[in-house]
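Since the structure comes first, as structure tokens, the remarks are kept for the end.
Residues: numbered from 1 along the sequence shown. Computed from a predicted structure; not experimentally measured.
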Amino acid sequence: MSLTRLSTVVLDAPDAHALADFYMRLLGYVKRAEEPDWVLIGPSYGGTALAFETERLYTPPVWPAGPGDQRMMMHLDIEVDDLASETARALAEGARLAEYQPQEHVRVFFDPAGHPFCLWVHTHEKHGRRRPRHTRHATNNRATQ
């Protein structure tokens, strides 16, 4: 069997270059390649990259989504060491804080193109590492995020 690995996650946006610039500032990534309607960024040391492709008919998702809303297909979870300071930095870089916040140790944001993403901080619980769960209400119902 040949080697198979995830190399890149691609996000559509109304302006690929503007969204790439936002994520380069947020994540400290560098530009690896670019074309007029496409940009590839990633860590300077290698690893999984993010790409952005201009899609002029892009419609941002709604979160939490209701009946008939454009639903998201995916989102990025970004682990941070200090949720308060990284929340402030994300806002300063152009992110928008979602009105609904499902967990104490997770902050849901929208990037400048409207893609939801989460900053979360590692916490220790009885059963190991806590991962973000994206509930729509106080119950355990999963939101389409």
Side-chain angles (χ1 to χ4, degrees), residues 5-35 37-145:
R5 68 183 187 281
L6 178 66
S7 61
T8 308
V9 174
V10 182
L11 298 175
D12 289 346
D15 182 337
H17 292 271
L19 194 57
D21 288 345
F22 167 78
Y23 279 103
M24 285 191 315
R25 293 189 312 271
L26 185 70
L27 300 171
Y29 281 11
V30 297
K31 192 176 292 180
R32 293 184 180 171
E34 68 181 310
E35 296 175 7
D37 288 325
W38 180 83
V39 182
L40 179 70
I41 68 171
S44 60
Y45 52 82
T48 303
L50 287 174
F52 305 90
E53 187 166 11
T54 299
E55 171 55 61
R56 284 162 182 66
L57 298 178
Y58 171 75
T59 300
V62 175
W63 187 86
D69 288 338
Q70 174 68 36
R71 295 184 179 272
M72 73 170 143
M73 305 277 296
M74 61 161 286
H75 69 275
L76 302 175
D77 278 347
I78 302 166
E79 185 176 1
V80 298
D81 292 330
D82 182 334
L83 190 57
S85 68
E86 292 302 319
T87 292
R89 196 170 70 77
L91 293 169
E93 294 297 352
R96 185 171 45 92
L97 192 62
E99 184 177 320
Y100 176 67
Q101 297 295 319
Q103 290 177 272
E104 179 182 351
H105 300 290
V106 177
R107 292 296 169 271
V108 180
F109 294 88
F110 301 101
D111 70 22
H115 300 100
F117 71 93
C118 297
L119 296 183
W120 69 286
V121 66
H122 174 92
T123 60
H124 296 281
E125 288 189 338
K126 186 178 185 178
H127 300 290
R129 184 175 185 164
R130 180 177 186 168
R131 295 193 180 270
R133 51 174 209 281
H134 308 289
T135 57
R136 185 171 179 161
H137 302 289
T139 66
N140 286 332
N141 294 335
R142 300 263 312 159
T144 302
Q145 187 166 284

Calculate, to the nearest 0.5 Å, the distance between atoms CG and NE2 belonging to Leu11 and His115 respectively. 4.5 Å
Taking side-chain contact (heavy atoms from CB on, under 4.5 Å) as the definition, give me every residue that meets it alongside Asp12, ordered by chain and number, with sequence neighbours left out. Glu53, Glu55, Tyr58
If you define the side chain from C-beta out and look only at heavy atoms, does anything of Asp111 sit under 4.5 Å from Leu76? no
Specify the closest pair of heavy atoms between Val39 and Ala20, including all atoms of both residues, with the distance to one decimal. CG1-CB, 3.5 Å
A side-chain contact here means heavy atoms from C-beta on lying under 4.5 Å apart; do Arg56 and Asp37 qualify? yes
Can you tell me how far the CZ atom of Arg32 sits from the CE atom of Met24, to the nearest 0.5 Å? 12.0 Å
Which pair of non-hydrogen atoms, one from Pro112 and one from Gly94, has the smallest distance, and what is that distance? CG-O, 3.8 Å
Just by distance, do the side chain of His122 and the backbone of Val80 share a donor-acceptor pair under 3.5 Å? no
If the condition is side-chain contact (heavy atoms from CB on, under 4.5 Å), which residues does Leu91 pass it with, not counting sequence neighbours? Thr87, Leu97, Phe109
If you measure from NE2 on His105 to CD on Glu79, what distance do you get to the nearest 0.5 Å? 13.0 Å
Atom of Ala113, atom of Pro14 and distance for their closest heavy-atom approach: CB-CD, 3.9 Å
Kindly write out the residues that satisfy ring pair (Phe, Tyr, Trp, His ring centres under 6.0 Å) with Tyr29, not counting sequence neighbours, or none if the list is empty. none
Spacing of Leu119 atom CG and Leu26 atom CG [to the nearest 0.5 Å]: 6.5 Å
Please report the closest heavy-atom contact between Val9 and Leu6, naming both atoms and the distance. CG2-CD2, 4.4 Å
Does any part of the side chain of Arg107, heavy atoms only, come nearer than 4.5 Å to the side chain of Gln101, both counted from C-beta? yes
Do you know the tightest heavy-atom contact between Cys118 and Val106? CB-CG1, 4.0 Å
Can you measure from CZ (Phe22) to CZ (Phe117) and round to the nearest 0.5 angstrom? 4.0 Å
Using a strict cut-off of less than 4.0 Å between a Lys/Arg side-chain nitrogen and an Asp/Glu carboxylate oxygen, indicate whether Arg89 and Asp82 qualify as a salt bridge. no
Starting at OG1 of Thr54, measure out to CG of Asp15 and round the result to the nearest 0.5 Å. 5.5 Å
